[in-house]
2 protein chains.
Amino acid sequence: MLRGVDLRVTRPRVAVLGAVHDLPHADTESIIGAVRRDLGDVSHQAVYDVLRALTTAGLVRRIQPSGTVARYEARVGDNHHHVICRSCGVIADVDCAVGEAPCLTASDHNGFAIDEAEVIYWGQCPTCAARRDAGTETVH
Amino acid sequence: MLRGVDLRVTRPRVAVLGAVHDLPHADTESIIGAVRRDLGDVSHQAVYDVLRALTTAGLVRRIQPSGTVARYEARVGDNHHHVICRSCGVIADVDCAVGEAPCLTASDHNGFAIDEAEVIYWGQCPTCAARRDAGTETVH
DNA sequence: GACAGATCTTGAATGATTCAAGAAGATGCG
DNA sequence: CGCATCTTCTTGAATCATTCAAGATCTGTC
């Protein structure tokens, strides 16, 4: 995969790419943890650099919902979206739902040339909704 | 407006609310600047507190696209969306475009109870697109 | 196998945002 | 109108994800 996008193959890159595949929607810290479990010591700077390189190359996608740290996922190229639980922060994928040529109509709003439509659904995950219904009120 | 949502009326709150109305999509720093031009010295902490109170009360909306600082707008309650220029970062409003009961179908993805759909369109604003066509290539 | 440039390590800096404690202000009541 | 009380603002410092910078190391190529 790395060679396919003209990136040099290094141990940190392979490990980061593996971690992003294994841990969907993981934040940088989790990825650093997984990489170190795999390789031993790796600097956090290296992981940041690698994540940027992979993102630029299009091998991973970076998402950063309001008020959270950056997260990464390996599912790219299909323009899917995300649901985020306001209570526990868990993220799930949502396939593009609206009609057929959805989300990214190559339309031209306000004269902008649009190349991506990013949709984030906010709500309650099943677990948190149940907990709240039960009265435990573990808000946030 | 403040009394309407049971918030005490203070000079900083009035000034911040005015600034958010005057400067759509302004970041915190811009708002602090506008407030100080209006009132003289006001602590940044006060502005942060006020913005949070106003956001919680629903008088302003906070947006924070990937990789940017928080921004605020006074247009609330109509579920509109945003287009952002990847080159210069300018933000414009986009009315809900998709069909009739758009964006927020009270549907139930993966068992989530969704209460908001946030859409961000990424692209090039007319100015940056023109500049790029002209070959000036002022990327970023 | 060695060179050149990319990538990693180390260590420090940045900057938006938040925390904490005390002073000042707003609202309600006498 | 003046006071008591709770909220809000000021001041000053801390947090923490992310980035910068300089030098050492490694990858891919000739």
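These values consider heavy atoms only, across backbone and side chains, with no hydrogens, waters or symmetry-generated copies. Chain identifiers are assigned alphabetically (A, B, ...) following the order of the sequence lines, protein sequences preceding nucleic acid strands; residue numbering begins at 1 within each chain.
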Tell me yes or no: between the side chains of A/Glu118 and A/His82, is some donor less than 3.5 Å from an acceptor?
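There is no such pair between these side chains.
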Verify whether one side chain among B/His80 and B/Asp95 offers a donor that lies under 3.5 Å from an acceptor in the other.
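No, B/Asp95 and B/His80 have no side-chain donor paired with an acceptor closer than 3.5 Å.
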Side-chain N or O of [X] versus OP1/OP2 of [N]: is the shortest distance under 4.0 Å?
X       : N      : result
B/Arg8  : C/dG25 : no
B/Arg13 : D/dT7  : no
A/Thr10 : C/dA6  : no

Please check if the number of heavy atoms outside B/Arg75 that lie under 6.0 Å from its CZ is greater than 12.
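Above 12, so yes.
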Using whole Å, what does the distance between atom [atom2] of nucleotide [N] and atom [atom1] of [X] come to?
X       : N      : atom1 : atom2 : value
A/Arg52 : D/dC20 : CZ    : P     : 6 Å
A/Ile63 : D/dA17 : CD1   : C1'   : 16 Å
B/His44 : D/dT11 : NE2   : P     : 10 Å
B/Tyr48 : D/dT15 : OH    : P     : 18 Å

Residues touching DNA chain D, which here means a heavy atom under 4.0 Å, drawn from residues 26-43 of chain B
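Output list: B/Asp41, B/Val42, B/Ser43.
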At 4.0 Å (heavy atoms only), tell me whether [X] reaches a base, stays on the sugar-phosphate, or touches nothing.
X       : answer
B/Arg11 : nothing
B/Arg3  : sugar-phosphate
A/Ala70 : sugar-phosphate

I want to check something: taking the side chain as every heavy atom from C-beta on, are B/Arg11 and B/Val14 in contact at a cut-off of under 4.5 Å?
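Sidechains of B/Val14 and B/Arg11: no contact.
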